[in-house]
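Single-structure report; data block below.
Counting starts at 1 for both ligands and their atoms, in listed order.
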Amino acid sequence: MSDTPRQRIFSGVQPTGNIHLGNYLGAFRNWVKLQDSFDTIYCIVDLHAMTADYVPSELESARIETAKVLLALGVDPSCSLLYTQSQVMDHAELAWILGTMTPMGVLNRMTQFKDKTGAGITANLGLYAYPVLMAADILLYRANLVPVGEDQRQHIEMTRDLAERFNNRFGETFPVPEGYIPETSARVMSLTDPTSKMSKSDPNVKSRILMLDDPDVIRKRIRSAVTDSDPEVRHDVEEKPGISNLLEIMSACTGRSVDDLVEEHADGGYGAFKDAVADAVVEELAPIKPRYQAISNGDVRAILREGGERARELVAPYTREVKKAVGLKGY
Ligand code: AMP
Ligand code: TRP
């Protein structure tokens with residue numbers, strides 16, 4: 001046994017329901033995979049969820065639902081710390097400290113913020129400062145690796161930058177974290193518009209596959225996925241975004257390379273190819289629903305309660321150290 005402490009992993013998800021295949025293949029599958037060899041911490045980020053329109057009385061059921069799906073996907077509370085952000089207000093405290101060191105120009109460049117406001121969402125300060133709170137989440141635990149999908153890459157870059165700024169100004173405190181982003185399926189696209197990413201908030205339910213969808217729904221969604229009229233199966237994101245998306249989904253679900261799949265399906269026609277993609281997705285998601293049904297809300301609450309307590313204990317000395325470093329009272 002070596003004495004080197006295990007590297008720490010941190011990641012988060014908003015409690016907004018509708019966990020879909022993109023979340024799973026882009027991020028949550030890695031959450032599960034990494035928990036065997038790393039010190040893993042997973043957070044349901046309800047403070048982030050407040051930056052969008054939300055109904056207070058629905059937040060608790062959304063937290064429970066999200067945690068239950070994560071547990072069904074295989075997040076194991078006996079080896080991973082699973083809790084909700086609002087149980088540990090140190091997140092908000094560190095976000096304030098980091099906010100005082102974040103240039104407006106950096107926040108103005110954040111594409112997620114620009115996309116949201118560009119889509120007509122009225123911005124509040126919380127939405128603008130969203131990436132600072134995310135940086136605080138990661139740095140609070142001194143995480144080394146952050147498993148996320150491609151859309152979070154820019155936020156991770158900003159977090160790295162803040163860690164370095166802090167260390168330079170106040171002394172070596174935070175490890176500079178790295179994103180852990182899969183090679184394929186880091187950006188799963190919508191089934192109805194393969195030029196935009198699969199998203200929880202798309203009003204068209206046919207655009208996504210949810211974790212608890214029944215096999216016949218999954219097959220229907222994939223059969224009706226938007227493709228093009230040229231019948232050749234090949235990977236070409238520009239010319240054939242729909243087929244390329246399905247190839248990447250199938251590759252992620254089967255572990256086979258895209259090239260290998262293209263070779264097998266190139267001339268077989270879209271119908272047969274889509275059936276094969278659907279079979280692969282159905283098989284990959286099959287264990288989730290029975291596991292979900294076996295978990296009670298009471299179990300989930302107990303897991304989160306204990307996770308929150310452990311998280312608070314874990315971060316207390318870190319927060320004291322940070323406050324002292326920046327000249328606040330850390331006792
Ligand atoms: P969110 O649903 O935005 O809270 O995202 C939860 C996790 O899923 C984050 O790590 C995202 O990067 C990832 N994610 C969200 N949408 C996709 C997508 N379409 N493809 C791949 N990863 C995604
Ligand atoms: N911003 C992430 C998303 O939209 C969620 C998130 C919040 C997160 N805090 C985090 C992800 C810390 C990784 C690490 O998906």
| query | Counting only heavy atoms, which portion of Val146 has something under 4.0 Å from ligand 2: side chain, backbone, both, or neither? | reply | side chain

| Does the N or O separation between Pro147 and ligand 1 drop below 3.5 Å for any pair? | no

| request: State whether any protein heavy atom lies less than 4.0 Å from atom 3 (O) of ligand 1. | output: no

| Taking atom types as modelled and ignoring hydrogens, do the side chains of Gln35 and Tyr42 form a donor-acceptor contact shorter than 3.5 angstrom? | no

| query | For ligand 2, which atoms sit closer than 4.0 Å to a heavy atom of Val45? | reply | 7 (C), 9 (N)

| note | Honestly, for Ser11 the part within reach of ligand 1 (heavy atoms, under 4.0 Å) is neither

| Numbered atoms and elements of ligand 1 in range of Gln152, under 4.0 angstrom, heavy atoms | 12 (O)

| request: Give the numbers and elements of all ligand 1 atoms closer than 4.0 Å to a heavy atom of Gln14. | output: 4 (O)

| task | For Ala186, counting its heavy atoms only, list the atoms of ligand 1 lying under 4.0 Å from any of them. | result | 20 (N), 21 (C), 22 (N)

| field | Contact atoms of ligand 1, heavy-atom distance to Gly26 under 4.0 Å | value | 21 (C), 22 (N)

| task | Please answer whether the main-chain N or O of Ala252 pairs with a side-chain N or O of Arg29 as donor and acceptor at a distance below 3.5 Å. | result | yes

| message | I'd like to know if Lys68 pairs up with Glu65 as an ion pair, taking the criterion as any Lys NZ or Arg NE/NH1/NH2 lying under 4.0 Å from an Asp or Glu carboxylate oxygen. | response | no

| field | Backbone N/O of Leu247 and side chain of Ser251: donor-acceptor pair under 3.5 Å | value | no

| With distance as the sole criterion, is a donor-acceptor pair present between the side chains of Tyr270 and Asp228 under 3.5 Å? | yes

| query | Are Tyr141 and Tyr318 close enough that their ring centres sit under 6.0 Å apart? | reply | no

| query | Less than 4.0 Å between a side-chain N and a carboxylate O, is that true for Asp279 and Arg219? | reply | yes

| query | In terms of residue, atom name and distance, what is the protein heavy atom nearest to atom 5 (C) of ligand 2? | reply | Gly12 O, 3.6 Å

| request: Go through the side-chain N and O atoms of Asp76 and Ser78 and say whether any donor and acceptor fall under 3.5 Å apart. | output: yes

| message | We want to know whether Ser207 and Ser190 form a side-chain donor-acceptor pair, criterion being a heavy-atom distance below 3.5 angstrom. | response | no

| query | If we ignore angles and hydrogens, is there a donor and acceptor under 3.5 Å between the side chains of Gln112 and Asp151? | reply | no

| field | Pick from Asn23, Asn18, Leu21: the one approaching atom 15 (C) of ligand 1 most closely through a non-hydrogen atom | value | Asn23

| said: Suppose we measure from atom 9 (N) of ligand 2 to each protein heavy atom; which comes out shortest, and what is that distance? | reply: Asp137 OD2, 2.6 Å

| said: Quick test: of every protein heavy atom, which one is nearest to atom 12 (O) of ligand 1, and how far off is it to 0.1 Å? | reply: Asp151 OD1, 2.4 Å

| Can an N or O of Lys200 be found at a distance shorter than 3.5 Å from an N or O of ligand 1? | yes

| Sole candidate of Asp230, Thr227, Asn245 that passes side-chain hydrogen bond (donor to acceptor under 3.5 Å, both in side chains) when paired with Lys240 | Asp230

| query | What atoms of ligand 2 come within less than 4.0 Å of a heavy atom belonging to Val148? | reply | 11 (C), 13 (C)

| task | Report the part of Asp151 in contact with ligand 2, treating N, CA, C, O as backbone and CB onward as side chain, heavy atoms under 4.0 Å; options are side chain, backbone, both, neither. | result | neither

| field | ligand 1 N/O within reach of Val188 N/O, cut-off under 3.5 Å | value | yes

| note | The option among Gly12, Gly22, Gly179 carrying the non-hydrogen atom nearest to atom 23 (C) of ligand 1 is Gly22

| request: Keeping the roles fixed (side chain from Glu150, backbone from Ala186), state whether a donor-acceptor pair exists under 3.5 Å. | output: no

| said: Do Lys33 and Tyr180 form a cation-pi contact, if we require the NZ or CZ to be under 6.0 Å from the six-membered ring centre and within 45 degrees of the ring's axis? | reply: no

| said: Under 4.0 Å from a heavy atom of Ala27: which atoms of ligand 1 are those, numbered in the order shown and with their elements? | reply: 7 (C), 8 (O), 10 (O)

| message | With a cutoff of 4.0 Å, is His20 in contact with ligand 1, counting heavy atoms of the residue only? | response | yes

| request: State whether a side-chain donor-acceptor pair under 3.5 Å links Ser199 with Asp202. | output: no

| query | Which of the numbered atoms in ligand 1 are below 4.0 angstrom from a heavy atom of Gly149? | reply | 10 (O), 11 (C), 12 (O), 13 (C), 22 (N)

| Which protein heavy atom lies closest to atom 4 (O) of ligand 2, and at what distance to 0.1 Å? | Tyr130 OH, 2.9 Å

| task | Could you name the option among Lys200, Gln14, His91, Gln152 that has the heavy atom nearest to atom 2 (C) of ligand 2? | result | Gln152

